[in-house]
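Protein chains get the first letters and strands the later ones, always in sequence-line order, with residue 1 at the start of each. Worth saying up front: this structure is predicted, and the values here are computed from it rather than measured.
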2 protein chains.
Amino acid sequence: MDWTVPNDRYGPDTELDPEAADPVWYQLAAILTARIVAGRYKRGRVIPSENQVIGEFGVARSTVRKAVKLLVEKGLVRTVHGRGSYVREDLDV
Amino acid sequence: MDWTVPNDRYGPDTELDPEAADPVWYQLAAILTARIVAGRYKRGRVIPSENQVIGEFGVARSTVRKAVKLLVEKGLVRTVHGRGSYVREDLDV
DNA sequence: GTCTATTTGTTCGTATGTATT
DNA sequence: TAATACATACGAACAAATAGA
């Protein structure tokens, strides 16, 4: 797989660092990606809702959406209006 | 009407020039004004969203907001939180 | 069929930091 | 120093789709 998000730096349980060089939305995308790769978020299943991510990480909704948007662009998840974002079945990671 | 934005210089299809003497946000305000006057943006209807303007002109959101702010001050549009900016019905241009 | 709650989609409001001029 | 312009980040309001009672 072609990683745009640096998972050598942001593992599944890494905390967000507002002071880091990478923006928070990017760090968040890396963490969510790591969780998908680790199997914590399983294929065909929904990832946590925007509000749940907000609750866990204490970030703004726009930040969550920016992170998930990157996951969609990377082909990791697909988002369905009114339902949620699903981990793609055909992931070869 | 009392033009503060110089529409003799910036028509509806004028391009932005970062090198020009007038700041970009001012040029943008003039272009949007020209489009309202030309009827391209009609009375009572919304003008393009901030993101759409960003997409068309390739400027920052703050630049768009500064331009629209001038239109509001000039009485050309009214802005509604969560919905958009509407061309005023009572324009006498 | 209707109502309600949940969730994503879109839009504007505000503040801060950085770089450039 | 001040103005401009970009990016980031948090809030808030409203709309639309979905699902279940």
- Message: Nearest to the side chain of B:Glu50, heavy atoms from C-beta on, is which of D:dA5, C:dT8, C:dC12?
- Response: C:dC12

- Can you check the B:Lys69 NZ to D:dT4 P distance for me, whole Å? 11 Å

- Query: Out of D:dT4, D:dT8, C:dT8, which has the shortest distance to the side chain of A:Pro23?
  - Reply: D:dT8

- Item | Under the side chain to side chain donor-acceptor pair (under 3.5 Å) test, residues paired with B:Lys42 that sit two or more places apart | none

- Task: Look at the side-chain N and O atoms of A:Arg83 and state whether any lies under 4.0 Å from the OP1 or OP2 oxygen of D:dA17.
- Result: no

- Counting distance only, does the side-chain N/O of A:Arg61 pair as donor-acceptor with the main-chain N or O of A:Glu50 below 3.5 Å? no

- Message: Measure CD1/B:Ile54 against P/D:dT8 and give the value in whole Å, please.
- Response: 12 Å

- Task: State whether B:Asp17 and B:Arg9 are salt-bridged, where the test is any N-O pair (Lys NZ or Arg NE/NH1/NH2 against Asp/Glu carboxylate O) under 4.0 Å.
- Result: no

- For B:Arg78, check salt bridge (Lys or Arg N to Asp or Glu O under 4.0 Å) against everything at least two apart and list the hits. none

- Expressed in angstrom and rounded to an integer, what is the separation of A:Asn51 atom CG from D:dC10 atom C1'? 14 Å

- Message: Between C1' on D:dT8 and CG on A:Asp22, what's the gap in Å once rounded to a whole number?
- Response: 13 Å

- Message: Just so I know, are the side chains of A:Asp13 and A:Arg40 near enough to count as touching, which here means a heavy-atom distance under 4.5 Å?
- Response: yes

- Task: Grab the NE2-P distance between B:His81 and D:dA12 for me, whole Å please.
- Result: 9 Å

- Task: Scan residues 55-66 of chain A against DNA chain D and write down, sorted by residue number, each residue with any heavy atom closer than 4.0 Å; if none is found, say none.
- Result: A:Val59, A:Ala60, A:Arg61, A:Ser62, A:Thr63, A:Lys66

- Going from CG on A:Leu32 to CG on A:Leu70, what distance comes out if it is rounded to the nearest 0.5 angstrom? 10.0 Å

- Within this structure, what is the CD-to-P distance between B:Glu19 and C:dT20, rounded to whole angstrom? 15 Å

- Whole-Å distance separating the CZ atom of B:Arg78 from the P atom of C:dG13: 12 Å

- CG (B:Leu71) and CG (B:Leu28) are apart, to the nearest 0.5 Å, by 8.0 Å

- For atom CG of B:Leu16 and atom P of D:dT4, their distance in whole Å: 15 Å

- Which comes earlier along DNA chain D counting from the 5' end, the contact point of A:Trp25 or that of A:Val80, where each point is its nearest nucleotide? A:Trp25

